[in-house]
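Here is the structure we will look at, set down as structure tokens.
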Amino acid sequence: MSSLTNPIKNQPNDSVFDLPPLSMEPEGLANDFKRYYAHTFGRDRDCHSAYYPYKALAITLRDRLMERWKVTRQSYDEAGSKRAYYLSLEFLMGRALSNAMLNLEVDGAVEKGLYNLGLELEEIASNEPDPGLGNGGLGRLAACFLDSCASLQLPVRGYGLRYEYGMFRQLVENGEQVEEPDHWLRDGNPWELERPEFTQRIQFGGRTESYTDQKGRTIVQWVDSHDVLAVPYDIPVPGYRNNTVNTLRLWKAAATDDFDLDEFNAGSYPESVAQKNAAEHITMVLYPNDASENGKELRLRQQFFLASASIKDVLRDWIRLHGADFSRFAELNCFQLNDTHPAVSVAELMRQLMDEHGLEWGEAWNITRHTMAYTNHTLLPEALERWPVRLFRQLLPRVLEIIFEINARFLAEVALRWPGDIDRQRRMSLIEEGYDPQVRMAYLAIVGSYSVNGVAALHSELLIEGLFRDFHDLWPAKFNNKTNGVTPRRWLAQCNPGLRTLLDETIGTDWVRDLDQLARLVPHAEDAAFRERWHQIKQDNKAQLAEHVAEICGVNFPLDAIFDVQVKRIHEYKRQLLNVLHVIHLYNRIKRGDTANWAPRCVLIGGKAAPGYVMAKQIIRLVNNVARVVNMDPSTEGLLRVAFVPDYRVSLMEVIAPGTDLSEQISTAGKEASGTGNMKFMMNGAITIGTLDGANIEIRDQVGEENFFLFGLTAAGVESRRHHYDPNGIIAGDPALMDVMNLLESGHFNQFEGGVFDQVILSVRNPHDPWMTAADFRGYIEAQEQAAAAYRDRERWVRMSILNAARSGHFSSDRTIGEYNRDIWRLTPVAPGR
Ligand SMILES: *Cc1c(COP(=O)(O)O)cnc(C)c1O
């Protein structure tokens with residue numbers, strides 16, 4: 001019954017949004033929980049699924065985030081100030097529930113409210129899946145950065161992909177890694193909010209057409225493309241107790257309706273559905289390679305899909321707020337590229353500005369090169385992304401034309417600066433010539449960016465001396481360092497409640513926002529009573545970790561032993577193999593009765609190997625076999641235990657870091673760009689045994705050499721040794737290493753599995769071993785002896801532990817983001833008003 005005078009126009013008026021603030025008290029929270037559980041999800045006393053209590057609690061908390069999310073968004077729009085976008089193919093967020101409770105300051109109230117309903121918070125929280133939309137350090141860095149941006153109230157939005165299957169789950173069967181798909185979305189994701197209204201259309205394939213318009217301008221069109229829809233899902237990112245809630249926007253691929261209609265009308269319904277599947281494959285799975293390129297066409301599709309959808313989204317927002325005038329765009333927007341994975345953004349921003357918004361090359365280029373910033377994450381040559389020109393031509397024909405044009409103009413600039421230096425032009429070209437020419441993604445990123453940074457002081461130094469030397473010669477001011485950091489919310493306050501309480505009582509609560517405050521612990525290291533409390537907290541955390549290890553690995557870790565931990569992706573450069581050689585050396589010492597002044601030790605190793613990385617998988621098998629032999633041998637009782645913990649992931653690290661005494665950071669110098677695991681351990685009072693690599697150097701600078709177990713060649717030493725590296729000579733000259741190699745080569749750890757470790761063993765003896773494992777063995781063994789001696793002196797060890805945590809303030813990602821903002825983004829913080 002509508003009439004012309006009816007005021008209803010199906011557009012909600014403002015009173016729809018006029019809601020009273022939600023309760024943050026135990027009773028109000030519990031009431032919402034009950035309502036969601038019973039009314040929204042329809043569960044009753046016959047429901048025994050542990051998932052629904054979690055889901056009801058997640059929605060209860062999401063409502064509280066939703067209120068603040070809206071206000072934050074509006075405040076950013078009203079402020080009209082500059083924004084940044086963090087583009088990353090990976091966001092390793094970890095669980096959201098306890099982080100939301102901590103940051104909203106309702107952890108206590110929720111616990112109480114649930115307790116009154118006869119429920120235990122910890123039990124409910126344990127049912128949350130741990131989303132693994134990243135491989136390792138690079139993806140986890142993106143997550144820590146989002147936490148810091150929200151906590152610093154910076155208008156930064158994350159853009160990524162909503163993979164249906166995240167990082168595989170790792171099982172160990174008969175000592176070997178077995179991969180299982182991680183269908184983390186099976187039960188839905190209560191934290192995400194689908195935003196179909198912001199769907200974008202992404203082009204692939206087809207061809208280009210150009211014509212000249214009436215004004216004499218060349219117009220290029222990308223035609224006959226096979227389009228895929230990008231549907232955004234928003235995840236709230238709460239700041240620490242500041243009412244800011246930022247956004248992580250993840251894109252899901254979906255088929256367009258039209259492209260299957262043709263097939264459908266032609267009577268081939270199954271084919272049309274199959275095409276729909278092909279479109280949706282783009283965001284089906286995360287590539288499980290850490291620090292190595294993959295080269296698969298689907299991966300390039302993923303990269304372009306993220307770049308194109310995110311840039312379209314940003315331009316849509318720009319036009320909403322500023323209209324189609326792009327003259328101030330570069331002043332008010334900035335894209336940070338997390339490695340070269342989203343580097344195609346440089347060409348895609350050009351394309352959209354020119355082909356979709358009518359800008360001239362010059363204007364578009366000016367905007368692009370003042371808007372893009374690139375972070376490099378590795379020096380390993382196998383990780384440097386290159387894509388075949390032919391693949392680009394087939395998949396992204398218009399983007400390739402633009403890359404060629406960028407390159408032509410860039411090489412002209414190089415020629416002007418170094419006339420006649422053809423070799424330099426060849427070296428610096430965005431296109432690597434050859435039988436199968438390649439696009440060099442890092443060079444595209446450098447040429448198109450106004451800032452290029454490494455992730456630790458040494459790494460940034462090595463970049464400009466090596467890989468990017470020519471570019472540094474041309475544009476020295478572009479290059480800078482931003483040493484990584486980790487968020488103290490998740491990696492201290494949340495994962496280590498025992499220590500949090502002690503810190504709060506000792507130095508107040510400001511450290512959570514301002515981690516440099518931890519330095520105020522330094523004098524307390526001299527207080528015996530304080531040391532005793534510190535020690536007790538560490539022992540409690542070790543007990544929790546030991547419980548985990550016993551349950552999962554069936555290995556008992558005695559609490560009086562050093563908990564010696566190496567958890568990270570399995571890679572030869574990280575040298576888990578060196579760790580194993582040390583374990584075998586300790587085993588040999590036990591067998592020969594050389595155990596005077598022994599410090600009992602529990603060695604824990606964990607990490608995933610890329611499914612196609614044979615050596616890494618062999619290393620996992622070796623760790624497991626060595627663990628079995630050592631743990632079964634009665635003579636090791638009370639002296640040595642070894643375990644491989646499967647399925648290393650964020651939620652597992654939250655148990656491991658607080659319970660670790662000794663943090664293994666033993667990569668070949670010059671190979672680990674930064675490391676961030678090293679920082680999490682330090683914050684939780686572990687002492688590092690490590691090489692002068694990545695951020696280890698800065699950790700040692702902060703904590704002092706007396707509180708760090710250093711060993712090994714320097715990065716320069718590694719490079720100069722390469723020419724005369726003689727591992728067999730080293731082995732022959734070191735009886736301990738000789739014994740280790742003999743035992744390995746005798747097949748002691750593979751009695752019924754002949755030859756399975758041949759490759760790993762040979763790698764140690766290989767004069768071309770890029771990781772120089774044998775070269776650092778002696779130094780490593782000696783540093784481990786120093787660590788054991790320090791551990792036997794409990795007062796000394798606890799003092800060192802306190803000083804490590806006290807000096808970890810520098811490694812807060814708040815410091816890192818502060819530097820990104822000061823030097824690269826230049827954003828003004830915006831506090832959400834009402
Ligand atoms: C911190 C972290 C990493 C990075 O560890 P590194 O030791 O720096 O390689 C990898 N994976 C997970 C789950 C992490 O939490």
Side-chain angles (χ1 to χ4, degrees), residues 83 85 87 159 200-228 230 300-301 303-335 337 342-374 387 389 392-413 429-431 439 441 443-450:
R83 301 182 190 206
Y85 314 99
L87 267 53
Y159 279 109
Q200 297 290 350
R201 195 180 178 99
I202 312 302
Q203 295 180 277
F204 289 99
R207 60 196 170 80
T208 64
E209 265 180 9
S210 62
Y211 65 92
T212 309
D213 71 0
Q214 301 100 312
K215 293 182 199 155
R217 296 190 326 169
T218 304
I219 306 292
V220 182
Q221 287 185 313
W222 184 355
V223 298
D224 293 344
S225 55
H226 298 279
D227 299 354
V228 177
L300 182 58
R301 280 186 192 269
Q303 296 183 350
F304 181 70
F305 183 76
L306 170 64
S308 187
S310 309
I311 292 170
K312 285 189 175 194
D313 196 52
V314 169
L315 296 188
R316 173 193 55 73
D317 228 9
W318 173 263
I319 289 167
R320 175 176 66 87
L321 292 168
H322 303 264
D325 174 3
F326 287 87
S327 54
R328 294 188 69 202
F329 184 82
E331 190 187 318
L332 292 174
N333 293 279
C334 167
F335 296 90
L337 308 177
V344 69
S345 300
V346 168
E348 175 61 4
L349 178 58
M350 289 295 291
R351 191 192 66 79
Q352 290 184 24
L353 290 174
M354 294 189 301
D355 298 358
E356 296 182 1
H357 299 284
L359 273 66
E360 304 274 6
W361 181 281
E363 300 170 277
W365 184 243
N366 241 331
I367 288 174
T368 302
R369 68 189 188 88
H370 288 110
T371 311
M372 295 280 164
Y374 156 55
W387 288 104
V389 167
F392 252 99
R393 184 172 290 122
Q394 183 197 315
L395 209 61
L396 307 168
R398 177 58 181 143
V399 180
L400 181 65
E401 288 177 357
I402 291 169
I403 291 173
F404 282 157
E405 180 71 22
I406 293 172
N407 195 36
R409 290 171 185 247
F410 165 63
L411 291 180
E413 194 178 336
S429 174
L430 305 192
I431 308 298
V439 183
M441 301 306 283
Y443 293 3
L444 175 63
I446 297 172
V447 171
S449 296
Y450 67 94

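On a predicted model such as this, the values are computed, not experimentally measured, just so you know.
- Partners of His357 by side chain to side chain contact (heavy atoms under 4.5 Å, CB included), not counting sequence neighbours, listed by chain and number: Leu315, Ile319, Phe326, Leu359.
- Counting heavy atoms from C-beta outward, Glu356 and Lys312 have side chains that approach closer than 4.5 Å.
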Check step by step if side chain to side chain contact (heavy atoms under 4.5 Å, CB included) holds for Ser308 and Gln203.
-> CA-CA 9 Å; Ser308 187; Gln203 295 180 277; over 6 Å; no
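- The shortest side-chain heavy-atom distance between Asp355 and Gln221 does not fall under the 4.5 Å cut-off.
- Between Trp222 and Leu396, some side-chain heavy-atom pair lies under the 4.5 Å cut-off.
- Applying the ring-ring contact (aromatic ring centres under 6.0 Å, His included) criterion to Tyr374, with sequence neighbours excluded, gives no partner residue.
- A 4.5 Å side-chain heavy-atom check between Ile431 and Tyr443 finds every atom pair outside the cut-off.
- With sequence neighbours excluded, no residue forms a side-chain hydrogen bond (donor to acceptor under 3.5 Å, both in side chains) with Glu360.
- Partner His370 forms a side-chain contact (heavy atoms from CB on, under 4.5 Å) with one of Asn366, Ile367, Thr368 and no other, that one being Asn366.
- Phe392 is listed as a side-chain neighbour of Ile403, based on a closest heavy-atom distance under 4.5 Å.
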Please test Phe304 against Leu395 for side chain to side chain contact (heavy atoms under 4.5 Å, CB included), starting from the C-alpha separation and ending with a verdict.
-> CA-CA 10 Å; Phe304 181 70; Leu395 209 61; over 6 Å; no
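- Listed by chain and residue number, nothing satisfies the salt bridge (Lys or Arg N to Asp or Glu O under 4.0 Å) test with Glu363 (two or more places apart in sequence, or in another chain).
- Listed by chain and residue number, nothing satisfies the side-chain hydrogen bond (donor to acceptor under 3.5 Å, both in side chains) test with Arg217 (two or more places apart in sequence, or in another chain).
- Evaluation of the side chain to side chain contact (heavy atoms under 4.5 Å, CB included) rule for Asp313 yields Arg157, Tyr159, Phe198, Gln200, Arg249, Trp251, Arg316 as partners, not counting sequence neighbours.
- Applying the side-chain hydrogen bond (donor to acceptor under 3.5 Å, both in side chains) criterion to Glu331, with sequence neighbours excluded, gives Arg328.
- We find that Glu413 and Arg409 are not joined by a salt bridge, their nearest charged nitrogen and carboxylate oxygen being 4.0 Å or further apart.
- Legend: residues meeting ring-ring contact (aromatic ring centres under 6.0 Å, His included) with Phe335, ordered by chain and number and at least two apart, are Tyr85.
- Looking at Val346 and Val447, their side chains never come closer than 4.5 Å, going by heavy atoms from C-beta outward.
- Partners of Arg301 according to the salt bridge (Lys or Arg N to Asp or Glu O under 4.0 Å) rule, which considers only residues two or more places apart in sequence or in another chain, are Glu297.
- Taking His322 as the reference, Trp318 meet the ring-ring contact (aromatic ring centres under 6.0 Å, His included) condition, with sequence neighbours excluded.
- Remark: Glu401 pairs with Thr208, Val220, Arg398 by the side chain to side chain contact (heavy atoms under 4.5 Å, CB included) rule, at least two apart or across chains.
- Looking at residues two or more places apart in sequence or on another chain, you find a side-chain hydrogen bond (donor to acceptor under 3.5 Å, both in side chains) between Ser429 and Asn407.
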